[in-house]
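Below is one structure, written out as structure tokens; the observations come after it.
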Number of protein chains: 2
Amino acid sequence: MATRTDAPTRREQILKEAARLFAERGFHGVGVDEIGAAVGISGPGLYRHFTGKDAMLAELLVGISGQLLTGAKWRVQEADGVPGEQVLDSLIEGHIDFALDDRPLITLHDRELDRLRDTDRKLVRQLQRQYVELWVGVVREVYPALSEPTARSAVHSVFGLLNSTPHLGRAGSLPGRGATAELLHRMARGAFAAAE
Amino acid sequence: MATRTDAPTRREQILKEAARLFAERGFHGVGVDEIGAAVGISGPGLYRHFTGKDAMLAELLVGISGQLLTGAKWRVQEADGVPGEQVLDSLIEGHIDFALDDRPLITLHDRELDRLRDTDRKLVRQLQRQYVELWVGVVREVYPALSEPTARSAVHSVFGLLNSTPHLGRAGSLPGRGATAELLHRMARGAFAAAE
DNA sequence: CCTTCAGGTTAACGACCGCTAACCAGTCTG
DNA sequence: CAGACTGGTTAGCGGTCGTTAACCTGAAGG
């Protein structure tokens, strides 16, 4: 895992703060002045980095969907000949890492999609669909008794389970990141097993 | 189950349409004129029934939380001496019914809470907390090996799973209400079992 | 029949918000 | 050192939105 060590660019600062604010109060509930203030500049200064408020949301959502899909593709590709069980575990682990490390993005991901311009929304939907279908394939390999529609429903439901992290205590009440990840992982596997 | 047969009042019409619109485009994304139009009257006419836009959201959220809690209390109370397994099944069934029948409300329930006035928000939070603790008690009875914090995390996660219904195909692709309910039920039980 | 009132209407106000315009400071670069 | 570019600033415009004001209509009631 290659970790960034160099300082974040201004663009990245803005995106991070915008994600947090959008997740907290909704896209329409946050003004450009607030986003600017969060990174130490004032409202219209943002327009040196983005063409508009919509563009920030679009970049965030496309980025999330793309990142998830890329990671998942990599995990599946890399595991050639490996038993399906382990591939599924790898997918689950990747999704959990994401849900735990980027809570605001997970929140935005299924909440503000309809605020996008048509072209962006279609792109995000397509990326999401690919991600789901990738999971469906692996799940059906591990649990062959599942029909395709059932598997798809099960995958969506497990996403709901894994994406519940924002509701798990405001960072502090939960018993450590590792334990939480492990719990979510076990529950996800249990849910799939019971779906069959 | 007592089913209403009389015509809905205007207030109820408004609440229903407002819930749908808020769920679709977010609280700030919907104008009062739109809500009015959805029930055949025009914008300011709404103020004959509600003191403001906020009041509609407040009534919706308090209503949901109260309804969920009341139903759950009833289910637990009524089952005295019944094995915990069946009580848990009853809670799950109730939550699924709600998630399947009132999708917009389920969506609002954890999305627009922060748009409420302080006093209303505290009330809703308290109702939600009671609901969660009620589940935690029953879950720990069935799975005694679960610590309280773990059980609470597990309950939140299962809520995430059950509340995923809005993401399951736009009503039509899923294989019938009964089958979906059954699948969700099995997955929820499987998730709890695996949490232990 | 006159009054009252519930439940609408349209007009308009004030606040806010996204965005543009115009300007400016610092820092490279030929 | 002149010029250009980067990344800011403040002022302000235009549109939208929640809410209020003022008015209207039809039905109920004594």
Side-chain angles (χ1 to χ4, degrees), chain A residues 6-62 104 108 111-121, chain B residues 6-62 104 108 111-121:
Chain A
D6 50 341
T9 74
R10 186 51 27 121
R11 266 184 76 90
E12 289 168 333
Q13 284 181 47
I14 295 172
L15 284 176
K16 185 182 158 195
E17 294 302 313
R20 186 179 55 82
L21 290 167
F22 289 160
E24 275 174 15
R25 301 213 292 283
F27 179 68
H28 292 295
V30 181
V32 289
D33 291 356
E34 283 176 277
I35 303 175
V39 296
I41 70 181
S42 239
L46 296 171
Y47 288 77
R48 299 291 167 195
H49 304 275
F50 296 92
T51 72
K53 198 180 153 193
D54 304 357
M56 301 181 209
L57 183 64
E59 189 157 327
L60 282 172
L61 293 187
V62 173
L108 285 184
R111 187 169 297 196
E112 307 285 356
L113 183 60
D114 298 312
R115 258 57 88 198
L116 256 48
R117 296 201 329 271
D118 260 34
T119 155
D120 291 322
R121 188 170 58 248
Chain B
D6 49 342
T9 73
R10 185 50 29 121
R11 266 183 75 90
E12 290 168 332
Q13 286 181 45
I14 294 172
L15 283 175
K16 185 182 159 196
E17 295 301 314
R20 186 178 53 81
L21 290 167
F22 289 159
E24 276 174 14
R25 301 211 293 285
F27 179 67
H28 292 294
V30 182
V32 289
D33 290 357
E34 283 176 277
I35 303 174
V39 297
I41 71 181
S42 237
L46 296 171
Y47 287 76
R48 298 291 165 196
H49 304 276
F50 296 91
T51 72
K53 197 180 155 193
D54 304 356
M56 302 181 207
L57 183 64
E59 188 156 330
L60 282 171
L61 293 187
V62 173
L108 284 184
R111 188 168 298 195
E112 308 284 357
L113 182 60
D114 299 312
R115 258 57 89 197
L116 254 49
R117 295 201 331 271
D118 260 34
T119 156
D120 290 323
R121 188 171 57 246

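The structure presented is a predicted model; accordingly, all values stated were derived computationally and were not measured. Just so we're on the same page: letters track the sequence lines, and every chain starts at 1.
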### Message
If you take any heavy atom closer than 4.0 Å to DNA chain D, which residues from residues 13-22 of chain A end up in contact?
### Response
none
## Note on the structure
From the list B/Q13, B/E12, B/K16, side-chain contact (heavy atoms from CB on, under 4.5 Å) partner of B/V39 resolves to B/Q13
### Any side-chain heavy-atom pair of B/L57 and B/E112 under 4.5 Å
yes
#### Entry: Spacing between A/L57 atom CG and C/dG18 atom P, to the nearest angstrom
13 Å
#### Entry: Protein proximity profile, nucleotides 3-10 of chain C - base contact B, sugar-phosphate-only contact S, no contact -, cut-off 4.0 Å on heavy atoms
----BBBB
### Task
Any pair with a residue in residues 7-33 of chain A that passes ring-ring contact (aromatic ring centres under 6.0 Å, His included), sequence neighbours left out, goes on the list, sorted by first then second residue, please.
A/F22-A/F27
### Task
Extract, from 5' to 3' on DNA chain D, the first and final nucleotides lying under 4.0 angstrom from some heavy atom of chain A.
D/dG7 to D/dA11
### Task
Grab the two heavy atoms, one from A/A18 and one from A/I35, that are nearest each other, plus how far apart they are.
CB-CG2, 4.1 Å
### Message
Nearest whole Å is fine: how far is C/dA21 P from A/Y47 OH?
### Response
13 Å
### Task
Determine which pairs satisfy ring-ring contact (aromatic ring centres under 6.0 Å, His included) with at least one residue from residues 41-60 of chain A, sequence neighbours left out, and list them in order.
none
### Query
Quick one: does B/D114's side chain get under 4.5 Å of A/E24's, heavy atoms only?
no
### Query
Could you give all pairs that pass the salt bridge (charged side-chain N to carboxylate O under 4.0 Å, His left out) test and reach residues 47-56 of chain B, with sequence neighbours left out?
none
### Task
Have a look at B/V39 and say if it touches a base, only the backbone sugar-phosphate, or nothing, with a 4.0 Å heavy-atom cut-off.
nothing
### Task
Looking only at non-hydrogen atoms, find the nearest pair between B/G43 and B/D33 and report the distance.
CA-OD1, 3.3 Å
### Message
Could you report the tightest heavy-atom contact between A/L46 and A/I14, atom names first, then the distance?
### Response
CD2-CD1, 3.7 Å
### Message
Using every non-hydrogen atom in the two residues, find where B/L108 and B/A23 come nearest and quote the distance to one decimal.
### Response
CD2-N, 3.8 Å
